[in-house]
Colleague: 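Pasting a structure here, questions to come.
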Number of protein chains: 2
Amino acid sequence: MQRILCLIFALIASTAVLGDPLPSWRDTENRKVIMDFVQRVTDPEHEDFVKASERIAVFDNDGTLWAEQPFYFQGLFAFDRIREMAPDHPDWAEQTSFKAVIEHDIPSIKAMKKETLLDLALTAHGDLNTDQFSEVVTHWLAVARHPTTGRAYTDMVYQPMLELLEYLRSQGFKTFIVSGGGTGFIRTFSEPVYGIPPEQVVGSSVQAKYRSNNGQPFLEKVPQLWFINDGPGKPVGIHQHIGRRPLLAVGNSDGDFEMLEWTSARQGPSLSILIHHDDDQREWAYDKNSGVGRLNRGLGEAADRGWLLVSMKQDWNRIFPQR
Amino acid sequence: MQRILCLIFALIASTAVLGDPLPSWRDTENRKVIMDFVQRVTDPEHEDFVKASERIAVFDNDGTLWAEQPFYFQGLFAFDRIREMAPDHPDWAEQTSFKAVIEHDIPSIKAMKKETLLDLALTAHGDLNTDQFSEVVTHWLAVARHPTTGRAYTDMVYQPMLELLEYLRSQGFKTFIVSGGGTGFIRTFSEPVYGIPPEQVVGSSVQAKYRSNNGQPFLEKVPQLWFINDGPGKPVGIHQHIGRRPLLAVGNSDGDFEMLEWTSARQGPSLSILIHHDDDQREWAYDKNSGVGRLNRGLGEAADRGWLLVSMKQDWNRIFPQR
């Protein structure tokens with residue numbers, strides 16, 4: 001008898017909690033496709049049923065879970081940090097790339113080669129042990145404000161994506177971030193902001209070295225790349241870290257192309273989603289020609305590949321969380 | 001009312017399930033220390049309480065979760081695979097290291113330099129894509145038998161450790177394997193055998209490359225090392241993969257020394273455990289002078305460092321699961 005009462009109670013509770021799991025998604029075809037997919041793979045009676053342990057959902061971060069304009073937020077962090085470090089490095093004033101950063105010259109920064117940006121990033125991210133680095137990022141996220149919206153960066157996450165993450169988890173999915181951004185950077189806020197624990201963050205990273213100071217061990221961040229989790233690196237990162245093929249993948253740029261391709265090539269059901277930044281009123285509108293978050297190949301091939309192209313303008317009734 | 005009945009039912013159920021969570025552990029001081037530790041960190045009223053998300057438990061694999069004599073089981077797999085590949089490589093018969101493997105010359109193999117063994121391992125582990133590799137390992141584990149016990153290798157896991165893993169998970173811990181062995185190798189059996197999903201296996205690995213064959217993407221295993229998760233590499237692997245300091249760590253050899261040191265240096269409570277192979281009747285007895293799973297520094301420093309030294313002979317009433 002208690003068992004039956006428990007079951008009834010559990011049913012009432014789960015229905016009440018669910019209600020509409022995606023209130024910031026308009027009642028469009030895309031929303032329907034997402035919810036139908038989740039219902040199919042979680043229904044033990046359906047031929048597309050996938051057991052819970054295989055329900056791996058991977059999300060890009062920049063431009064997918066939070067905004068990325070006028071420049072990747074981690075880049076803005078790195079530039080702030082370089083300006084902070086600059087007084088100890090008078091020689092930087094003579095170097096074009098450092099000079100552009102010190103003088104807040106965003107157009108020059110955007111025109112930089114990838115290698116130059118990488119060098120800047122390595123300079124800004126090395127020189128600390130892993131605990132110190134987390135503290136520096138946590139402090140920056142607490143005090144820094146976005147140059148045009150004035151919001152904290154962690155308030156510039158997409159409300160519809162927060163709801164999608166929570167909805168998937170409520171349906172037995174395990175949610176991962178698979179980002180070109182730095183693993184250590186994202187981990188400082190992934191759990192409180194996205195509900196994704198540090199061990200489910202797969203990103204780019206520098207090497208680390210185990211060292212000791214008077215018997216106190218620490219991990220030194222070595223300013224040398226260990227792994228770039230971008231483009232064809234994303235399926236590799238997924239393999240090395242997760243070891244299973246995703247059931248669902250969400251990205252927004254050509255850096256996510258291979259991750260979506262890899263997900264779509266899964267045997268059995270899968271869902272690949274691209275977020276299209278087409279709302280210049282509430283966010284930004286950019287795709288083929290953007291220096292940040294370029295979406296060109298994905299935009300052209302999404303329809304043929306059966307990938308969902310989500311329009312921020314049409315599919316979402318709200319972009320950012322209410323403050 | 002339903003809520004109260006549910007609570008009562010949940011309490012009865014959990015007590016019934018728990019019973020004695022460690023039936024294969026004798027009633028010794030070591031068992032008491034482990035259970036006291038778990039009770040302290042899970043008791044919200046205790047000053048040592050640790051919230052569930054921080055309850056990370058890491059386990060070495062070879063010699064900690066399963067046996068490793070007469071040689072690391074993954075090595076035995078690699079040697080079997082080299083013998084299988086040998087007919088296509090007639091030149092191997094001329095090379096000392098391959099010759100030793102082909103002729104089952106275990107003493108020569110044990111006397112090999114690390115670099116030589118690594119070359120053999122890379123040869124045996126490359127040359128396949130990641131899906132093919134999983135199939136080859138799964139097949140091997142199904143048919144191969146241990147040379148002296150005649151058991152399947154996955155039956156040579158330690159029953160007391162299976163119970164400890166399950167007990168920790170029942171108390172809100174997240175259990176990880178942190179092994180010098182290959183991530184892809186261990187992942188083929190970690191979930192059915194240990195209850196540890198692939199994404200919670202941190203090991204050594206070769207590089208992988210995203211490739212495509214007639215539009216079908218695959219991940220090629222490149223026979224080049226990506227990461228060696230051993231010794232000082234273990235805290236690095238823990239950092240890169242998990243991103244949190246473990247609360248509890250279990251190992252059995254000096255390759256686990258830094259992992260235990262890193263765990264012990266955690267702020268707040270922690271427990272570091274070494275499994276001592278001292279039972280030559282039911283398993284094997286080896287430590288300071290062993291070529292496999294050498295335990296020298298750890299044995300000397302365990303007491304001073306407050307690490308638990310578990311005696312297989314005295315603390316365990318059973319070694320392997322009943323078949």
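All heavy atoms count here, side chains included; hydrogens, waters and symmetry mates do not. Quick note on labels: first sequence line is chain A, next is B, and so on, each numbered from 1.
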Colleague: At their closest point, which heavy atom of B/Phe218 faces which heavy atom of A/Trp262, and how far apart are they?
Modeller: CA-CZ3, 3.8 Å
Colleague: Contact between B/Arg245 and A/Asp131 at the side-chain level, heavy atoms closer than 4.5 Å - yes or no?
Modeller: yes
Colleague: Please classify the contact of A/Arg211 with chain B as side chain, backbone, both or neither, using a heavy-atom distance under 4.5 Å.
Modeller: neither
Colleague: Between B/His241 and A/His241, how do the two ring planes meet: parallel, tilted or perpendicular, split at 30° and 60°?
Modeller: parallel
Colleague: Please name the pair of heavy atoms, one in B/Tyr210 and one in A/Val236, separated by the smallest distance, quoted to 0.1 Å.
Modeller: N-CG2, 4.0 Å
Colleague: Minimum heavy-atom separation for A/Glu191 and B/Ser53, please, with both atom names.
Modeller: OE2-CB, 4.0 Å
Colleague: Can you name the nearest heavy-atom pair linking B/Arg187 to A/Gly243, along with the distance?
Modeller: NH1-CA, 3.3 Å
Colleague: Among A/Val202, A/Ile238, A/Ile242, find the residue that satisfies the side chain to side chain contact (heavy atoms under 4.5 Å, CB included) test when tested with B/Glu199.
Modeller: A/Ile242
Colleague: If I take atom CG from residue A/Asn129 and atom NE2 from residue B/His239, how far apart are they, to the nearest 0.5 angstrom?
Modeller: 10.0 Å
Colleague: Would you say B/Gln240's side chain and A/Gln207's backbone share a donor-acceptor pair under 3.5 angstrom?
Modeller: no
Colleague: Using non-hydrogen atoms only, which part of A/Lys174 is less than 4.5 Å away from chain B: side chain, backbone, both, or neither?
Modeller: side chain
Colleague: Given the options A/Pro235, A/Ser205, A/Ser264, A/Ala265, which has more heavy-atom pairs under 4.5 Å with chain B than any of the others?
Modeller: A/Pro235
